[in-house]
2 protein chains.
Amino acid sequence: MARQQQEKPVPALPTTAYAVLGLLSFGTEVTGYDLRKWAMNMRFFYWSPAQSQIYAELRRLRQHGLVDERTEPQRGRPDKHLYKITDAGLAALREWLHYAEVGPPLLKHSVALRLFFGHQADPERLREVLRDYAAWAQKQVDELTDLYPQLLPDLPYPLLVARWGQSYFVAEIAAANAAIAALEKQSGTTH
Amino acid sequence: MARQQQEKPVPALPTTAYAVLGLLSFGTEVTGYDLRKWAMNMRFFYWSPAQSQIYAELRRLRQHGLVDERTEPQRGRPDKHLYKITDAGLAALREWLHYAEVGPPLLKHSVALRLFFGHQADPERLREVLRDYAAWAQKQVDELTDLYPQLLPDLPYPLLVARWGQSYFVAEIAAANAAIAALEKQSGTTH
DNA sequence: ACTGCCATGTAACTAGTTACATGATTGG
DNA sequence: CCAATCATGTAACTAGTTACATGGCAGT
C-alpha cells in the first residue's frame, strides 16, 4: 500500500535521528547527556546509540534547523548545551511518524544464530546458552514491570510500548524453553 | 605471498563474520553469491548483510585462514571464487558457539518507536501503521511455514530456529493488535 | 527479443563504536 | 577521601550501505 510521497524539506534521516528528535518532542530542554539516559530507557525495543552518536545526531539535527541549541557557560571547562526541538523539528517528526514506510524491525539475534548452527555445538552447552538467554529475558520483563509506575499517569504511549516489550520477552522465554525441550528430546539425554 | 598461519591469532570477529562462517560450516563449497542467498534465509532472526559486506567478510575470513578460496577461471568475465571452511575456521566457529557471551539481540524496532512517540501522531494513522505491521508479520509467519518442508528432514537446528521465528512473529501480531485495541479505547476520550 | 538470474567487484559514503581526555559537583 | 555522576567532546576505527559496472547464460 503506497503512501503519498511528500515534498522533502529535509533529506531522509536515519531512524536513530528520529529517535532523538522524538525524545525532544516531549518538550523539555535537555542536554546530550540527558538524552543518552532517556535513550537507554528505549533499549527494550530500540538499541541505544553510543554517547558520541547522540552528540553527532544533535549536531546534524541542528544543522537542519530541527533543534535549537542554547549554551550555558560553566566555570569548569566545557559549556553546557541545552537542546530544544523547533517547529520545523516537530513538523519533520510528524511527517516521519505519519508517512515513513512501515519497515521490518532490524534484528540481529546472536543466540538464535548460535542455535541455527547447533550442528557444530555441544548440545548440552547449547541448552545452557538458551537457559542464560531465557534468564536475561526474564530480567527484562522484571525491569519493564518496575518501569510501569513511572509511565502510568502521564505517558500512555510509552506505556503501550512497555506492554509490547513485555509480550516480546515473554514470547522469547517461551521460545527458548521450547527449543531447550526439543533439544532434550532430540538428544535423548536426561537433563 | 604465502599466508603463514599462526597458532591462535583468533581476534574478536563481529557476529556477522560468524554468520558467514557458520553457513560455510554446512560443508558445501560455495560462491559469495550463494552465501548471500543463504543469508537471506536467516532474515527472520538475523539481518541479511549487503552483498558487498559478504565479500568483505570472506576476504577477512580468508586473511585469518578460516576459509580457503579456490578460483575457477571464466571466459570474458570475473573469475568464480569458491569458498570452503578450513579446520581452523571450524575451530573458531565452535569456540564462538561455545564460549561467546550470551548477549541481547540487537533490535531496532521502528514501528514500536513510532508508537512510543504517538503523542505527536494522528491516532487513526497510528493504528493503520500497526495494522500494516501486523500484516507484514503475518506474511513472515506464512513464509516460515512454507520453509518448513525444506528443513524437515536434514536440518533440525534451522528448524528449531524457524519455530522460534514463528513464535516471535505471532507474538508481534498479538502485541500490535493489543496496541490497536488500546488506542481505540483511548480515542473515545479525547486527548 | 527480452527478462531475470548468475557472479564478480569497487568507490564513496553513512552509521556507529571504543577509547580517551577534562574537570566540577555530590554523597557516603 | 573516594567514587560516582554530570557533561562535554575528539580521534581513530569498524561495520555496513548504495550505487555502479561488467557480461554471459537460461528460459518464455
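Naming convention: chains lettered A, B, ... in sequence-line order (proteins, then strands); numbering from 1 in each chain.
- Along DNA chain C, the nucleotide nearest to A:Pro49 and the one nearest to B:Gln51 differ in position, and the one closer to the 5' end is contacted by B:Gln51.
- Residue A:Trp47 has a polar side-chain atom (N or O) positioned under 4.0 Å from OP1 or OP2 of C:dT17.
- The OH-P distance, from A:Tyr83 to D:dA7, rounds to 13 Å in whole Å.
- Rounded to whole angstrom, the span from the NE2 atom of B:His81 across to the C1' atom of C:dG9 amounts to 9 Å.
- Here B:Arg127 does not pair with B:Glu124 in a salt bridge; the nearest charged N to carboxylate O distance is not below 4.0 Å.
- Contact check, A:Lys37 against D:dC6: a side-chain N or O comes under 4.0 Å of OP1 or OP2.
- Across the protein-nucleic acid pair, B:Gln53 atom CD and C:dA12 atom P stand 18 Å apart, rounded to whole Å.
- Within the structure, a side-chain polar atom (N or O) of A:Thr16 is placed less than 4.0 Å from OP1 or OP2 of C:dG16.
- Residue B:Leu82 contributes atom CG, which lies 13 Å from atom C1' of C:dC6 at whole-angstrom precision.
- Atom CG in A:Asp79 sits roughly 18 Å away from atom P in C:dT22 (whole-Å rounding).
- Checking the phosphate oxygens (OP1, OP2) of D:dA15, a side-chain nitrogen or oxygen of B:Arg60 falls inside 4.0 Å.
- Contact annotation: B:Thr31 reaches the phosphate of C:dT8 (side-chain N/O to OP1 or OP2, under 4.0 Å).
- Residue A:Tyr55 has a polar side-chain atom (N or O) positioned under 4.0 Å from OP1 or OP2 of D:dT8.
- For an aromatic pair to be called close, the ring centres must be under 6.0 Å apart, and A:Trp164 with A:Phe44 fails this.
- When rounded to the nearest whole Å, the span between NZ of B:Lys108 and C1' of C:dT17 equals 12 Å.
- The residue A:Arg36 sits apart from the nucleic acid: no heavy atom pair falls under 4.0 Å.
- For A:Ser52, no side-chain nitrogen or oxygen approaches OP1 or OP2 of C:dG16 to under 4.0 Å.
- Atoms CG (A:Leu35) and P (D:dA7) sit 12 Å apart, rounded to a whole Å.
- The side chain of B:Ala50 approaches D:dT18 more closely than any other nucleotide in the set C:dG9, D:dT18, D:dG9.
- Ring centroids of A:Phe45 and B:Phe116 are separated by less than 6.0 Å, placing the two rings close together.
- One interatomic measurement links the two molecules: CD1 of B:Ile54 to C1' of C:dC6, which rounds to 16 Å at whole-angstrom precision.
- No side-chain N or O of B:Tyr55 forms a donor-acceptor pair with one of B:His81 less than 3.5 Å apart.
- Backbone-only engagement by A:Arg59 is indicated by non-hydrogen atom pairs under 4.0 Å involving sugar-phosphate atoms exclusively.
- Between B:Tyr33 and the phosphate of C:dC5, there is no side-chain N or O to OP1/OP2 separation shorter than 4.0 Å.
- Relative ring orientation between A:Tyr18 and A:Trp96 is described as parallel, the plane-to-plane angle staying below 30° on a 0-90° scale split at 30° and 60°.
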